[in-house]
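Beneath this line is the structure, given in structure tokens, with notes to follow.
Letters go in sequence order (proteins before strands), and every chain restarts at 1. Atom set for the values below is all heavy atoms of this structure, side chains included, hydrogens, waters and symmetry mates excluded. Keep in mind the model is a prediction, meaning the values are calculated, not measured.
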2 protein chains.
Amino acid sequence: MNVVVPYPELVSTVAGVFADRGVPRDRADTAARALVHGDLTGVTSHGLVNLTRLYLPLLESGRADPAADMEVLTDLGACVLADAHRTLGLWSASQAMDLAVSRAERYGVGVVSLRGATHIGCAGFHAARAADRGVIGLVTSNCGGQTIARPPGGLAKVLGTNPLALACPAGDRHPFVLDMSTTVVPTGRIRAAARADEPIPVGWLAAADGTPVTDPADYDRGEGHLLWLGSTPETGAYKGFGLGLLVEVLSALVSGAALGPVSAGDTDDDIGVMALAVAPARLRPGFADDAGALFSALLGCPPADPRRPVVYPGWPEGERAAWRRAHGVPLPVDLYEELRSSTLRATG
Amino acid sequence: MNVVVPYPELVSTVAGVFADRGVPRDRADTAARALVHGDLTGVTSHGLVNLTRLYLPLLESGRADPAADMEVLTDLGACVLADAHRTLGLWSASQAMDLAVSRAERYGVGVVSLRGATHIGCAGFHAARAADRGVIGLVTSNCGGQTIARPPGGLAKVLGTNPLALACPAGDRHPFVLDMSTTVVPTGRIRAAARADEPIPVGWLAAADGTPVTDPADYDRGEGHLLWLGSTPETGAYKGFGLGLLVEVLSALVSGAALGPVSAGDTDDDIGVMALAVAPARLRPGFADDAGALFSALLGCPPADPRRPVVYPGWPEGERAAWRRAHGVPLPVDLYEELRSSTLRATG
């Protein structure tokens, strides 16, 4: 059963929970918007469900620092290296993107490389801040020292699910927002299937010898290993693994954050993030019109099934978010109760 | 049957073929190295086989201009927009990467955005030039107005195979070089299977209703449509399509080149290319050592099959290239004869 919560109320409630735990008010507001972005767009695996499972434990254990300041270590103008000093990644990744956009508005391109970050939530939320300012934004994040997936043909886990997100304005359409793990699915999709006791498609998990695994519970039993995008070597698993490495390189090797295959611990501390912005309007006239034409043409592609129009990544999420901003965000009752008790716990 | 040609002889012969058609000598040398990179590393679909099928026809028809100059349209320091003016993409993409690296050495990041390019060959060849200089290089290229693949659920072709390549130094190991089409395979792999009359794996082609197609000849009959990385919606086809769009945006929407879904023609003229370089050594000490540690750790991952050690993209290609540089490049006899007749045709 769901309750429907007005979007502004949901944001301010979550922001209050963060603020009550020492997060400065403006950061708490950004972090709350980043968190409920999942519920707003329908990517519930990265939404409010993670408040009590991920972010509050980070703050309560001291693995995240609510009020530390980010520290710029090197500033070359178009390119900045900063230490996030364990501040909430839900906030620091947006700060990084905003700074990258400002630099891109001046230099055409801007890169902000972060080390010492904590879990950033939906990478697409942060990337989309660039599109809102008419700029292209790319966000990549590794998982610090946490390892989840094995290389093709390997027996040890070496990298996390290493997400990347790219956002681009699309004229008067919803912005293009690609937001993806480089594994075939994020772990949340596997665990959701396990909770629902539903089989998963061939291509998500495999046994050590490569045999497909369709029981999602095998993942947490260590008998099903999460595959890369492409699933098998024949259908591109080396590309998915390579994209995971691309994210590791851009996020953590550039910044000097923890590297999955090297780090001694196996936790998602000291995450590396790259925020890259490109401002085509600084390079040439006509960018905004061309972007509108590109994405309109894609929406105009004739569909195989007339009831299912062709869309691009970000369009369905944009539709859903617009509706929910106007009419409220549906939340499972138990999740809403969890949020209310988080409010009480800090203030009581 | 193969002949084995010493690498320097192969490069100088191919460079001579380009030079005889009006390509200035230094460009002809770079273009020749870019072309035979495919044969050197084992990616034969992008090697010498394309000389008479792709590059000489481009020059002979006037679609490529052997001696035009690239023109810088906007120079913001860290970010440059240039028109390649139909020069050989085998050369212009390397020029773009070299300039991006020089800018990254100064500003930490460098972007060179090209419009008006022609086919660039192996994107990884150009990206690897950055790694040779201790810098991370990313190259993306769209296919101009040429459309090859449909969006998931769509009936019209909208984008090309849109490759991307990332190269990164790996200490004293072969550099990490990811070089991939964003479709599950490039069209060359389908046509090679068709010539060999061999079935292809499920996941490469599908009929209009989504049914898997395993006869590669169905591709050129228009009965099998090339799928994106991820193959089906259940296993990530929307991610592959999104990555294809990411490449379209970075390569062609930034530069103002032809866009697949918008362009009136369906040829690979007016290709867009992005060359992006990041110089971590400008940001922090320790990058080179960390890179060595990362890629060494990957090679040390225990393999499932002891006869098949774990590798990362670029390592097998690096091994093969080192051997062939020393011992010669194997070429099918008919391909070698084709090269010899190209030499004779221009000089005779």
Proximity breakdown for A/Val177 and chain B, heavy-atom pairs closer than 4.5 Å: neither
From A/Arg189 atom CZ to A/Leu226 atom CG, the distance as rounded to the nearest 0.5 Å: 11.5 Å
Point-to-point distance, once rounded to the nearest 0.5 Å, from NE2 of B/His174 to CZ of B/Phe295: 13.5 Å
Side chain, backbone, both or neither of A/Leu164 within contact of chain B (heavy atoms, under 4.5 Å): side chain
Portion of A/Leu250 that has a non-hydrogen atom of chain B nearer than 4.5 angstrom: side chain
Leading residue by heavy atom contact count with chain B [cutoff under 4.5 Å; candidates A/Val109, A/Thr235, A/Leu283]: A/Leu283
Max heavy-atom pair count under 4.5 Å with chain A, selected residue of B/Val254, B/Leu81, B/Thr232: B/Val254
Selection from A/Gly236, A/Gly256, A/Ala293 maximising heavy-atom pairs under 4.5 Å formed with chain B: A/Gly256
B/Leu245 backbone acceptor or donor facing B/Glu248 side chain under 3.5 Å: no
B/Thr183, part contacting chain A, at a heavy-atom distance under 4.5 Å: backbone
Short side-chain to backbone donor-acceptor contact, B/Asp270 and B/Gly145, under 3.5 Å: no
Partner chain A: residue of B/Leu155, B/Thr74, B/Val310 with the largest heavy-atom pair count (under 4.5 Å): B/Leu155
Side chain, backbone, both or neither of A/Arg115 within contact of chain B (heavy atoms, under 4.5 Å): side chain
Atom group of B/Ser181 that falls short of 4.5 Å from chain A, counting heavy atoms: both
Validation row: A/Pro216, A/Trp204 side chains within 4.5 angstrom (heavy atoms): no
Heavy-atom pair count under 4.5 Å with chain B, highest-scoring of A/Gly240, A/Ser255, A/Gly300, A/Gly286: A/Ser255
Heavy-atom contact with chain A under 4.5 Å, split by part of B/Leu178: side chain
Check: A/Thr182 main-chain N/O paired with A/Asn162 side-chain donor or acceptor under 3.5 Å: no
Closest-packed option against chain A by number of heavy-atom pairs under 4.5 Å, given B/Pro201, B/Pro152, B/Ser113: B/Pro201
Atom group of A/Phe241 that falls short of 4.5 Å from chain B, counting heavy atoms: side chain
Euclidean distance, B/Cys79 SG relative to A/Arg103 CZ, rounded to 0.5 Å: 15.0 Å
Flag side-chain contact, heavy atom, 4.5 Å: A/Leu205 against A/Ile190: yes
A/Asp83/B/Arg284 ion pair, N-O < 4.0 Å: no
A/Arg282 side chain to A/Arg106 backbone, donor-acceptor under 3.5 Å: yes
Selection from B/Gly260, B/Gly242, B/Ala237, B/Pro280 maximising heavy-atom pairs under 4.5 Å formed with chain A: B/Gly242
Contact origin within A/Val158 toward chain B - heavy atom pairs under 4.5 Å: side chain
Part of B/Val278 lying under 4.5 Å from any heavy atom of chain A: side chain
Beyond-backbone contact of B/Leu243 with A/Met180, side-chain heavy atoms, under 4.5 angstrom: yes
Which portion of A/Ile136 sits near chain B, non-hydrogen atoms under 4.5 angstrom: side chain
Top contributor to chain A contacts, counting heavy-atom pairs under 4.5 Å, from B/Lys239, B/Lys157, B/Arg308: B/Lys239
Pairwise side-chain contact, A/Thr161 with A/Cys143, heavy-atom cut-off 4.5 Å (strictly under): yes
Gap separating the CZ atom of A/Arg150 from the CG atom of A/Leu159, nearest 0.5 angstrom: 13.5 Å
Contacting region of A/Leu253 [heavy-atom separation from chain B under 4.5 Å]: both
Side chain proximity check, A/Tyr107 to B/Tyr107, heavy atoms < 4.5 angstrom: no
Structural part of A/Pro151 lying under 4.5 Å from a heavy atom of chain B: side chain
Engaged part of A/Leu276 at the chain B interface, taking heavy atoms whose separation is under 4.5 Å: side chain
B/Leu138 side chain near B/Met274 side chain, heavy-atom distance below 4.5 Å: no
Option in A/Gly203, A/Pro302, A/Ala156 with maximal non-hydrogen atom pairs under 4.5 Å from chain B: A/Pro302
Pairs of heavy atoms under 4.5 Å with chain B: top-ranked of A/Val311, A/Leu259, A/Leu229, A/Asp290: A/Leu229
Top contributor to chain A contacts, counting heavy-atom pairs under 4.5 Å, from B/Pro309, B/Gly108, B/Ala304: B/Ala304
Residue selection (most heavy-atom pairs with chain B, distance under 4.5 Å) from A/Pro313, A/Ala297, A/Cys301: A/Cys301
